[in-house]
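The basis for the numbers below is simple: all heavy atoms, side chains too, and nothing from hydrogens, waters or symmetry mates. Bear in mind the structure is a predicted one, so any value in this text is a computation, not a measurement. Residue numbering restarts at 1 for every chain, and letters A, B, ... go by the order of the sequence lines.
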There are 2 protein chains.
Amino acid sequence: MTANDPIASLISLLSRLPGIGERTAARLAFFVLEGDAQYAAALGQALSTVHEEVTRCELCGNYGAESRCGICQDPRRDESVVCVVAKVPDLIALEALGSFRGRYHVLHGLLAPLDGVGPDQLPLDALERRITEHAVKEIIVATPLNVEGEATALYVADALSPLPVRVSRIAAGVPHGGELEFTDQVTLGRALEDRRAVR
Amino acid sequence: MTANDPIASLISLLSRLPGIGERTAARLAFFVLEGDAQYAAALGQALSTVHEEVTRCELCGNYGAESRCGICQDPRRDESVVCVVAKVPDLIALEALGSFRGRYHVLHGLLAPLDGVGPDQLPLDALERRITEHAVKEIIVATPLNVEGEATALYVADALSPLPVRVSRIAAGVPHGGELEFTDQVTLGRALEDRRAVR
C-alpha cells in the first residue's frame with residue numbers, strides 16, 4: 001500500500017475511537033468499504049456535521065438540534081421537579097425508564113479538585129436561576145454514587161440550602177438481583193443504614 | 001429529544017457497524033460530540049469518500065488509491081511468486097509479516113455453492129492471464145483452512161493444472177504455542193500427516 005493510502009488513514013482515524021483497537025478499526029473500515037456506499041456517505045455526513053448541528057440546551061444543558069432541547073420544549077413535562085445529572089448519557093438512561101416526568105439539569109462534569117474542576121466550572125448559577133424563575137419545588141441529585149458524584153451531590157445540596165426547594169438524592173443500596181454475599185461493604189452499609197419500613 | 005435528533009441518528013448509524021451495539025454506539029457518538037471537532041470532520045470525510053477514493057487494483061484486486069495498487073507498482077516485489085488470498089485483510093496480515101516479497105491475487109470471495117458462489121464468481125481468468133503474461137513460477141494458495149477455503153484451494157490447483165506453474169498451499173498444523181492436549185482432531189491429524197524431517 002502507498003503512503004497516502006485512504007484505507008490506512010481511515011483505519012488510523014477509527015482506531016482513535018474509545019475501545020476500538022487497530023484490528024477492530026480495520027474490520028470496521030473494510031465493512032464500510034465493502035458495504036453500501038450510501039450508508040458510508042450517511043455515516044460520514046452524520047459525523048462531519050454533529051458538532052455544528054448539536055447544541056447544548058440553553059436552559060438545561062441537554063443536547064439538541066435547537067436552542068431549547070426536546071424535554072425543555074415539552075409542555076407535558078413537570079418543570080417543578082428537576083433531576084441533576086453529571087452527563088447526557090445519564091439523562092438518556094433515566095429517560096429510558098419512562099417514569100420520570102420532570103426536567104433535567106446537566107452539569108457536564110463533577111467536582112474533581114485534583115483535576116482542577118472546582119464549583120465554578122459547574123453550572124450552578126443557572127440551576128439557582130431556574131429554581132427561582134420556574135418555581136422548582138424539588139431537585140433530585142442523580143450524580144453517580146462514586147467519590148466525585150457524592151462530593152458534587154453534597155456541594156449542590158449545600159449551595160441550594162438558602163433557596164425554598166427540597167433537595168433529594170437517588171437511593172444507594174444493593175442493586176436488583178444483587179447477592180448480599182458478593183456486595184461490597186460500602187453498598188451493604190448504606191443499604192442497611194437507608195433501610196425503609198415495609199409495614 | 002426531538003424526533004429529528006442528530007445524535008439519535010448518529011447513534012443509529014454507528015450501531016449498524018459490526019460488533020457495535022446500541023450502548024457502544026452511544027459511547028462513540030458522545031466521544032465524537034464532546035471531543036475535537038477537527039477529528040469528527042476528518043473521520044466523517046474519510047468515511048464519506050472511502051468508496052470514491054479506493055479502487056480495486058486492476059491486476060491483483062487489492063485496494064488502493066490508483067488503478068494499480070502499491071504492491072503491484074513496487075518494482076522490488078518478485079512478480080514470479082503470487083500468493084492467492086480470499087480477502088484484503090488476509091493480504092494485510094501476510095504483509096505484516098514483512099517476509100513475503102512476492103505479489104498477491106485477491107479472490108474477494110471463496111467457493112460456496114450453497115450460497116450461490118460458484119467458480120465463475122472468482123477472478124481465476126485474470127489469474128491465468130497473469131501467470132502467462134508475467135511468467136509466474138509459483139502460486140501459493142493462502143485461502144483459509146476451513147471448508148470453503150480448502151475447497152477453493154483444490155479448485156484453484158485444479159484450474160491451473162494445465163499451466164506450467166507450481167501450486168503450493170500454506171501449511172496446516174498446530175499453531176505456535178498450541179498445546180497438543182487442546183488441539184482439535186483435524187488439526188492434529190494434519191500436523192501428523194504433514195510432518196517434516198528434522199534431520
Side-chain angles (χ1 to χ4, degrees), chain A residues 1-14 16-20 23-24 26-55 62-66 68-71 73-74 87-89 91-93 95 108, chain B residues 1-14 16-20 23-24 26-55 62-66 68-71 73-74 87-89 91-93 95 108:
Chain A
M1 301 222 172
T2 53
N4 188 15
D5 181 341
I7 303 180
S9 78
L10 175 58
I11 293 174
S12 145
L13 285 164
L14 285 168
R16 282 169 58 187
L17 292 169
I20 306 288
R23 251 165 202 279
T24 309
R27 196 159 50 88
L28 299 180
F30 284 111
F31 173 85
V32 171
L33 177 60
E34 294 178 345
D36 181 14
Q38 275 192 317
Y39 166 66
L43 179 59
Q45 176 72 9
L47 285 162
S48 301
T49 57
V50 73
H51 271 264
E52 293 143 43
E53 289 193 356
V54 174
T55 48
N62 184 17
Y63 293 126
E66 293 165 57
R68 292 248 169 147
C69 75
I71 295 170
Q73 276 184 38
D74 187 344
K87 54 188 201 291
V88 176
L91 178 158
I92 292 175
E95 277 301 281
H108 288 287
Chain B
M1 301 220 172
T2 54
N4 189 16
D5 181 341
I7 302 182
S9 78
L10 176 58
I11 292 174
S12 145
L13 285 164
L14 285 169
R16 283 169 58 186
L17 291 170
I20 306 289
R23 249 166 204 279
T24 309
R27 198 159 48 90
L28 298 181
F30 284 111
F31 173 84
V32 171
L33 177 61
E34 295 178 344
D36 181 13
Q38 275 192 316
Y39 167 66
L43 178 59
Q45 175 73 8
L47 285 162
S48 301
T49 59
V50 74
H51 271 264
E52 293 144 44
E53 289 194 356
V54 174
T55 49
N62 183 19
Y63 293 126
E66 294 165 56
R68 293 247 168 146
C69 74
I71 294 170
Q73 277 185 38
D74 187 345
K87 53 188 202 292
V88 175
L91 179 158
I92 292 174
E95 278 300 281
H108 289 287

Identify the heavy atoms of Pro6(A) and Ala65(B) that sit nearest to each other, and give their distance. CD-CB, 3.8 Å

Atom of Leu28(B), atom of Pro18(A) and distance for their closest heavy-atom approach: CD2-O, 3.7 Å

Between CG on residue Leu14(A) and CG on residue Leu17(B), distance to nearest 0.5 Å: 8.0 Å

Find the distance between CG (Asp36(A)) and NE2 (His51(B)) and round it off to the nearest 0.5 Å. 7.0 Å

Which residue out of Val32(A), Thr24(A), Asp74(A) racks up the most heavy-atom pairs below 4.5 Å with chain B? Val32(A)

Hey, which of Lys87(A), His108(A), Arg16(A), Arg27(A) has the most heavy atom pairs under 4.5 Å with chain B? Arg16(A)

Pick one of side chain, backbone, both or neither for Ala42(A), based on which atoms fall under 4.5 Å of a heavy atom in chain B. both

Interface moiety of Ile20(A) toward chain B, non-hydrogen atoms closer than 4.5 Å: side chain

Cut-off 4.5 Å, heavy atoms of chain A, and the answer for Gln45(B) is backbone

Is Ala26(B) close to chain A through its backbone or its side chain, or both, or neither, when contacts mean heavy atoms under 4.5 Å? neither

How about Tyr63(B) and Glu34(A): do any of their side-chain heavy atoms sit closer than 4.5 Å? yes

Leu47(A) and Tyr39(B), any side-chain heavy atoms less than 4.5 Å apart: no

